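We're numbering straight along the sequence, starting at 1. Just so it is clear, the values below take in all heavy atoms, side chains as well, and ignore hydrogens, waters and symmetry mates. Bear in mind the structure is a predicted one, so any value in this text is a computation, not a measurement.
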Amino acid sequence: MGWEQQLLGFFDDLEQQASGLALANRESEVAELAVAEYATVSFASRLHASVGSRVSVRVAGGQLLVGDLARVGADWILLQGAPEEWIVPHWAIASAVGLSRHADAVTGASPLAKLSLNSVLRGLAASREECVLFWADQQQLTGVFERVGRDFVELAAGDRGQVHVLPLGLLSSLRGRS
């Protein structure tokens, strides 16, 4: 082998090494971008991708709710099980099992998916349906919604219909009949 062929072989080897380094750098950059992109995925997006799935949701205080994820709103979910339905605020969900590994952008969701928990509670107040409210410590109160404020609800409960004013931030779940 002549010196010219040795020199060309040396340059080919250098080019292959450079290509290998570039590929390794690219793979590293792609991996970093994937991590950075996933960091933008919201909990609501994961929930939206799972509508229709059977899920188990543990709420603040340890209560385990199992049902079909029927709806996902701006800050709440609806689990349907027989014979009950559960409305759970996002902030009260301690963990969820059975969610899709994918995420759906909330921005493309239906107008119903943009409804807030307050809107849902106002609908329940208008329907005068009896429901059971649960707090994180698993205390519960059965009654009918009277009015819904910005960050609280009024629930008429008991035989005398005493009105309880409850901050929404302490609500862990709400059970009704399906």
Side-chain angles (χ1 to χ4, degrees), residues 26-127 129-145 148-153 155 164 166-178:
R26 183 170 182 258
E27 287 176 359
S28 175
E29 288 174 6
V30 167
E32 288 176 22
L33 286 173
V35 169
E37 182 67 24
Y38 196 74
T40 66
V41 173
S42 69
F43 186 54
S45 295
R46 287 291 306 275
L47 291 167
H48 276 280
S50 302
V51 170
S53 300
R54 186 96 173 145
V55 299
S56 300
V57 175
R58 186 163 308 278
V59 296
Q63 184 181 24
L64 183 64
L65 309 176
V66 179
D68 295 326
L69 185 57
R71 292 213 184 283
V72 177
D75 56 356
W76 59 276
I77 64 170
L78 174 65
L79 284 180
Q80 289 182 327
E84 303 164 333
E85 290 183 331
W86 293 89
I87 295 173
V88 182
H90 288 178
W91 65 78
I93 298 174
S95 71
V97 176
L99 296 182
S100 167
R101 299 218 13 108
H102 303 285
D104 282 346
V106 178
T107 55
S110 73
L112 286 176
K114 296 175 184 165
L115 287 178
S116 70
L117 178 63
N118 289 33
S119 298
V120 173
L121 297 178
R122 279 192 285 279
L124 288 171
S127 72
E129 283 186 50
E130 186 176 80
C131 56
V132 183
L133 288 175
F134 289 85
W135 288 275
D137 65 359
Q138 295 310 303
Q139 295 295 316
Q140 62 188 49
L141 183 61
T142 302
V144 175
F145 286 106
V148 179
R150 183 180 64 168
D151 59 355
F152 70 95
V153 294
L155 189 80
H164 297 256
L166 312 162
L168 285 177
L170 297 179
L171 176 69
S172 73
S173 60
L174 166 69
R175 183 182 73 208
R177 288 189 279 269
S178 51

### Task
Hey, could you give me each pair passing ring pair (Phe, Tyr, Trp, His ring centres under 6.0 Å) that has a residue in residues 68-89? Not counting sequence neighbours.
W86-F134

### Minimum-distance pair of heavy atoms, taken over all atoms of Q63 and S173
OE1-OG, 3.2 Å

### Task
Show your working on side chain to side chain contact (heavy atoms under 4.5 Å, CB included) between V72 and H90 and close with a plain yes or no.
CA-CA 9 Å; V72 177; H90 288 178; 4.0 Å; yes

### Task
Under the side-chain hydrogen bond (donor to acceptor under 3.5 Å, both in side chains) rule, collect the residues that match up with S119, sequence neighbours excluded.
S116

### Message
Could you report the tightest heavy-atom contact between Q138 and G62, atom names first, then the distance?
### Response
NE2-N, 4.5 Å

### Summary
Residues passing the side-chain hydrogen bond (donor to acceptor under 3.5 Å, both in side chains) test with S172, sequence neighbours excluded, are none

### Heavy-atom pair of closest approach, residues L79 and G67
CD2-O, 3.9 Å

### Test applied, side chain to side chain contact (heavy atoms under 4.5 Å, CB included); reference residue, E85; option that passes from R175, R71, Q80
Q80

### Query
Can you name the residues that form a side-chain contact (heavy atoms from CB on, under 4.5 Å) with L141, not counting sequence neighbours?
W135, L155, A157, H164, L166

### Task
With sequence neighbours left out, write down each residue that passes side-chain contact (heavy atoms from CB on, under 4.5 Å) with V66, or none if nothing qualifies.
R54, S56, L64

### Task
Please test V120 against L78 for side chain to side chain contact (heavy atoms under 4.5 Å, CB included), starting from the C-alpha separation and ending with a verdict.
CA-CA 10 Å; V120 173; L78 174 65; over 6 Å; no

### All side-chain contact (heavy atoms from CB on, under 4.5 Å) counterparts of A94, not counting sequence neighbours
none

### Message
So does H102 get a backbone contact from the side chain of S100, meaning a donor-acceptor N/O pair under 3.5 Å?
### Response
yes

### Query
Counting N and O atoms only, with roles assigned by atom type, does the side chain of N118 sit under 3.5 Å from a partner on the main chain of G149, one being a donor and the other an acceptor?
yes

